[in-house]
Amino acid sequence: MDVYLPRTLPEALELKARHPEAMPIAGGTDVMVDINFDRHRPTALIDLTRIPELAVWRREDGHIFLGAGVTYTRIMQELPGLRAWFQAARTVGSPQIRNRATVGGNLGTASPAGDALPVIAAHDGEVIMISARGERSLAWHEFLVGVKRNALHPDELIAGVRWRTVRGPGSFSKIGTRNAMVISMAGLCLLLDEEARAVRVALGSVAPTIVRAAEAEAFAAAEIARAGAWDDPKATLSEGTLAEFGERVTGAAKPIDDIRGTARYRRHACVVLGRRALAWALADRRG
Amino acid sequence: MRVRVRVNGEWREADPWEGTSLLSMLRDELGLPGSKNACEQGECGSCSVWLDGELVCSCLVLAAQADDRDVRTVEGLAGDGGLHPVQEAFLEAGAVQCGFCTPGLIVAVTDLLAQDPSPSEAMVREALSGNLCRCTGYQKILDAVRLAAERMAPR
Ligand SMILES: Cc1cc2nc3c(=O)[nH]c(=O)nc-3n(C[C@H](O)[C@H](O)[C@H](O)COP(=O)(O)OP(=O)(O)OC[C@H]3O[C@@H](n4cnc5c(N)ncnc54)[C@H](O)[C@@H]3O)c2cc1C
Ligand code: FES
Ligand code: FES
């Protein structure tokens, strides 16, 4: 096995072009488990933890760019204003895991249970990929093509994700068998986009990839409009409307039975997560 | 491959297999068996160390990733003056049964108290969620954290 320790992005891209089979390793929280258990023995590894270009985030003309190498701990420390991101980051693993694990690694692994992924989806994020040939980007749903499969080419690295800033409240919540250090059985990110007067809902762990609950989104936006709550944050939705929203959210799920939970339980979890998330968002607007 | 790493203040060198974890390098090549190997998948925290000042599971760090970096292990906590206050507190509170989880917990608790000298019980539980005690002696461990926090509080 060869290990490369590049110190700049151009150096890393050149290595990846010359050794497309080499596996990038960032926080190692997925890669090392496979190596330790001999599930996968890559012929070569490229360490990405010394590349400053990947470990940055910035605001740029109404957008936010989050570099692939930013860890969950840093998201919590440096981006507390991004509520849904903060909440998702806090639910990942333990402090030890969050200090190492990166958003780029979550995209690289492309597990339907990746907690950053519903947040990226709800923000309509695009994934920026980079190689010695240049840069390209794909919408999140074009990037995440299946269970643990993404659209990255062998000579590319993930540079980061980018999304248009969303004005309005939002949250991330997940269901698991304990309160911390747990892989999600169902996860949900909800955002109220006050400018577009839209509601955005993305679900994790309940389909082969992340899904948006488009029908529920349209329903909620229309109900908020009907109640006059876009203009008057004091206006509320009835319990019945919130419950119906939850039912419509679960309509987007295509869950399976697995070791973490049954499809039936996951469908129920989506109802509850959806209803609560919309109620929280409206309560946040009431202040 | 050759790895040069500063461990507990001292530059050390080793020549482990390329796929080796920092944990295995510490234990098998550098003679530092304090960090324990229990799960090798980031679940139990018994391998906790500091890498450039950050609490990590050393089983999930590739040894080569620590090259040219600073590592602090549980062996680095006790000084000439004796045990670290967190170690003392674990002894006094009876927070050690078989002792296998103890080094990792000592490191994690020391890290927590450095960031938050008087954490609430909920904060302690969240901060220690990555450390498992298979003897399930959690109550005494929580007692030890409280004792250490009291002892270490600036007067
Ligand atoms: C104990 C434990 C608990 C966990 N809990 C959670 C949890 O609660 N929620 C959750 O979502 N995940 C969890 N995970 C999984 C893991 O921590 C996440 O998927 C994390 O985001 C991976 O990031 P990493 O930097 O460690 O990735 P690595 O392991 O370094 O890499 C993962 C994959 O991404 C690729 N990759 C990494 N960076 C790039 C890049 N810039 N360009 C191209 N490819 C890249 C790698 O080649 C590899 O295929 C847990 C893992 C462990 C061990
Ligand atoms: S041995 Fe590293 S977390 Fe269990
Ligand atoms: S004391 Fe035995 S594992 Fe914790």
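No hydrogens, no waters, no symmetry mates; every other heavy atom, side chains included, goes into these values. Protein chains get the first letters and strands the later ones, always in sequence-line order, with residue 1 at the start of each.
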Option from Val3(B), Leu22(B), Leu30(B) for which side-chain contact (heavy atoms from CB on, under 4.5 Å) with Pro16(B) holds: Val3(B)

Region of Ser48(B) in contact with chain A, defined by heavy-atom distances below 4.5 Å: side chain

Residue among Gln65(B), Met1(B), Glu43(B) with most heavy-atom pairs under 4.5 Å to chain A: Gln65(B)

Which portion of Ile25(A) sits near chain B, non-hydrogen atoms under 4.5 angstrom: both

Within 6.0 Å of NE2 in His19(A), more than 12 heavy atoms from elsewhere: yes

Residues Thr71(A) and Asn99(A): side-chain donor-acceptor under 3.5 angstrom: no

Top contributor to chain B interface from Arg90(A), Arg178(A), Arg50(A), Arg98(A) [non-hydrogen pairs under 4.5 Å]: Arg50(A)

Arg125(B) portion near chain A, given a 4.5 angstrom heavy-atom threshold: neither

Heavy-atom neighbours of Arg276(A) CZ exceed 12 at 6.0 Å: no

Proximity breakdown for Leu51(B) and chain A, heavy-atom pairs closer than 4.5 Å: side chain

Donor-acceptor contact present, side-chain Asn150(A) to main-chain Leu144(A), <3.5 Å: no

Cys59(B) portion near chain A, given a 4.5 angstrom heavy-atom threshold: both

Interface moiety of Ala26(A) toward chain B, non-hydrogen atoms closer than 4.5 Å: backbone

Minimum side-chain heavy-atom gap Trp85(A)-Ile120(A) below 4.5 Å: yes

Ser184(A) and Ser205(A) side chains, donor-acceptor separation under 3.5 Å: yes

Which atoms of Asp111(B) approach chain A - backbone, side chain, both or neither, heavy atom under 4.5 Å: neither

